Amino acid sequence: MANVGDLFYDDLYPVNQDAETADPNTRAFLLEVVKILLDFISKTNDRNEKVLEFHHPIEMKKKLDLALKEDPEPVSQLLEDCKQALENQVKTGHPRFINQLSNGLDIVSMAGEWLTATANTNMFTYEIAPVFILMEHECLGKMRDIIGFQKGDSILAPGGSINNMYALMIARHKLYPQHKKHGMRAIKGQLIMYTSRHHHYSVSGGAAAIGLGTENCVQVPCDDKGRMIPVELERLITRHKSEGHLPFFVNCTTGTTVYGAFDPINSIADICEKHHIWLHIDAAWGGGLLMSRKYRESKFKGIERADSVTWNPHKLMGTLLQCSTLHVRESGLLISCNQMSADYLFQTDKVYDVCYDTGDKVIQCGRHNDIFKFWLQWRSRGMSGFERQIERLMELTAYQVRRMKEEGEKFYLLNDEPECTNVIFWYVPERLRPRQCPQYETRDWQLELGTVTAKLKGKMMSEGSLMVSYQPLGMLPNFFRSIISNQAVGEVDIDFMLEEMERLGKDL
Ligand SMILES: O=C(O)c1cc(=O)cc(C(=O)O)o1
């Protein structure tokens, strides 16, 4: 066989169909790619390696060779391209990448994603994805059991934002089915939906997407922990009904994006029941806590009363991106809402039971296989392993709060009782600590910390040693939000985060 680097794409399967050469060529190429992936995995888990090599976009463009040329590149160049891509990628599985809700690199789930790519099938029919469709049934059925839906139906979509929008569409279809054929004019009155002020922006985005208009996505006031205030919700619903509007949907967030706050499910469910309003629970982030009996009991009382639930395994459970699920209490609504019965796909006279076909339940037709990597990961842990994993993340969160309190004035906790693994805080440089700062805890002091926060994040990225997300929210200027969802994180990384922030930030 020629040197693998001298091969071209047409020396490999599927272009080359001469198995005698194609098979060894393809294996040799793929084995070289796997070596590159394995090196990246080792570096991702090596604390001596940087989280990232940051370059501004213009610099990065100059550094990379991304040109698409007239002639094919040899395998040697393709392998260099693979190395270049990973060398310049942020290691989101690194134990010091605590920047996003989805952090980490779960190896079993990743192996599942490798197989998924190799199987390369579409999930719209059982016909071409029999095993994976049955795995969806197994996983989604267990998730509905955990939620407490007796029957119901579920789907996977390309993220929590799409699933939140599906919930809106299904709610509207349930309450106003004439809309599907006749459009909004068939609904006599203005539909109004409700969510907390700390909601994920996809909920108001869904209002725009389905034609309600964001002005009809009413944001309900929250308490100081970021939780929706039920009495405010009922006050708004009552007022809108007296104005002749049609309140039809409430989004209850369990695990808000920034604070990690949990809206009070039962109180909100009581209001929805009283006013015959659809209750959706956006558990995209917090849903992972359902895998722990302790947290299922303490944080999700009443979830079984919901009409729909969004739950993203790719967040707190560490399944690889993307894996986002929607669960609907009432069977048949998904398909009734979205069915278009495309004859070329969803023939009703198939040799098998067509209820196993899924494409007509969603608006997207082609659907990626997001289940195998989740099923394999779940298979590797069982419920007991996932329960231990989730409870460990919450233990580490408690450790982080304890350590920040021990560090005294260096860290200003905005919430010292986090409900999820979100810890929100300011790092306080020496000049802004109480003894040196007469304006301590004034508005100007907060604004100054907002500026320090952005600068400190910039220093972290330039150093490449740590990544912690920040954002303003409401009246609060920038503040840090650390997220522990990566199974690689240990107490040593939390200690490092505090020390590194002090090292990089004390003179800011
Ligand atoms: O899937 C994620 O990692 C994700 C989704 C969000 O909407 C928001 C965030 C985030 O704020 O980190 O992360």
Side-chain angles (χ1 to χ4, degrees), residues 44 51-52 89-106 109-110 113 156-168 195-209 217 226 251 253-262 280-289 309-326 368 370 373-374 377 390 393 397 400 414-415 418-425 453-454 457 460-461 466-474 476 478-489 497:
T44 294
V51 177
L52 78 157
Q89 165 56 21
V90 175
K91 298 181 187 70
T92 59
H94 194 291
R96 287 153 188 185
F97 177 85
I98 45 181
N99 203 67
Q100 238 58 60
L101 299 180
S102 295
N103 302 322
L105 184 62
D106 183 282
S109 189
M110 185 190 66
E113 190 70 354
L156 290 107
S161 302
I162 302 300
N163 275 319
N164 287 337
M165 186 184 75
Y166 278 147
L168 269 171
T195 190
S196 88
R197 281 191 183 151
H198 284 240
H199 71 289
H200 187 264
Y201 73 91
S202 63
V203 176
S204 30
C217 176
N251 174 59
T253 311
T254 50
T256 58
T257 304
V258 177
Y259 278 40
F262 279 63
H280 175 64
I281 293 181
D282 178 1
W285 167 229
L289 292 178
V309 178
T310 294
W311 173 0
N312 288 10
H314 77 224
K315 290 192 166 68
L316 205 53
M317 295 167 75
T319 309
L320 255 59
L321 287 164
Q322 67 195 16
C323 186
S324 175
T325 67
L326 173 71
H368 185 262
D370 290 338
K373 64 192 164 196
F374 179 40
Q377 184 197 20
I390 293 298
L393 296 176
T397 304
Q400 180 182 342
L414 289 166
N415 177 5
E419 295 184 82
C420 200
T421 68
N422 315 44
V423 179
I424 53 177
F425 63 94
T453 300
K457 176 62 180 283
M460 285 180 205
M461 291 182 72
L466 175 67
M467 280 184 75
V468 182
S469 183
Y470 75 84
Q471 66 291 301
L473 196 149
L476 286 175
N478 292 332
F479 55 93
F480 283 111
R481 174 209 69 174
S482 67
I483 293 284
I484 301 174
S485 61
N486 179 355
Q487 303 157 70
V489 170
M497 172 173 64

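Ligands are counted one by one from 1 in listed order, and the atoms in each one are counted from 1 as well. Just so you know, these numbers come straight off a predicted model, no measurement behind them. Values below: all heavy atoms of this structure, side chains included; hydrogens, waters and symmetry mates excluded.
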Can you pull every nitrogen or oxygen pair between ligand 1 and the protein closer than 3.5 angstrom?
unit_1, atom_1, unit_2, atom_2, d
ligand 1, 1 (O), S102, OG, 3.1
ligand 1, 1 (O), H314, NE2, 3.2
ligand 1, 1 (O), K315, NZ, 3.3
ligand 1, 3 (O), S102, N, 2.9
ligand 1, 3 (O), S102, OG, 3.0
ligand 1, 7 (O), H200, NE2, 2.6
ligand 1, 11 (O), R481, NH1, 2.9
ligand 1, 11 (O), R481, NH2, 3.4
ligand 1, 12 (O), Q100, NE2, 3.1
ligand 1, 12 (O), L101, N, 2.8
ligand 1, 12 (O), R481, NH2, 2.9

Sequence neighbours excluded, the answer for side chain to side chain contact (heavy atoms under 4.5 Å, CB included) partners of N478 is T453, A454, Y470, P472

Just by distance, no angles: are the side chains of D282 and N164 close enough, under 3.5 Å, to form a donor-acceptor pair? yes

For H94, the ring pair (Phe, Tyr, Trp, His ring centres under 6.0 Å) test, sequence neighbours excluded, returns none

Hits for side-chain hydrogen bond (donor to acceptor under 3.5 Å, both in side chains) against K373, two or more places apart or cross-chain, chain-then-number order -> E113

Result for side-chain contact (heavy atoms from CB on, under 4.5 Å) between T397 and one of T421, N422, I483 points to T421

Query raised in the report: Do T92 and Q100 get their side chains close enough for a donor-acceptor pair, meaning under 3.5 Å?
Result: no

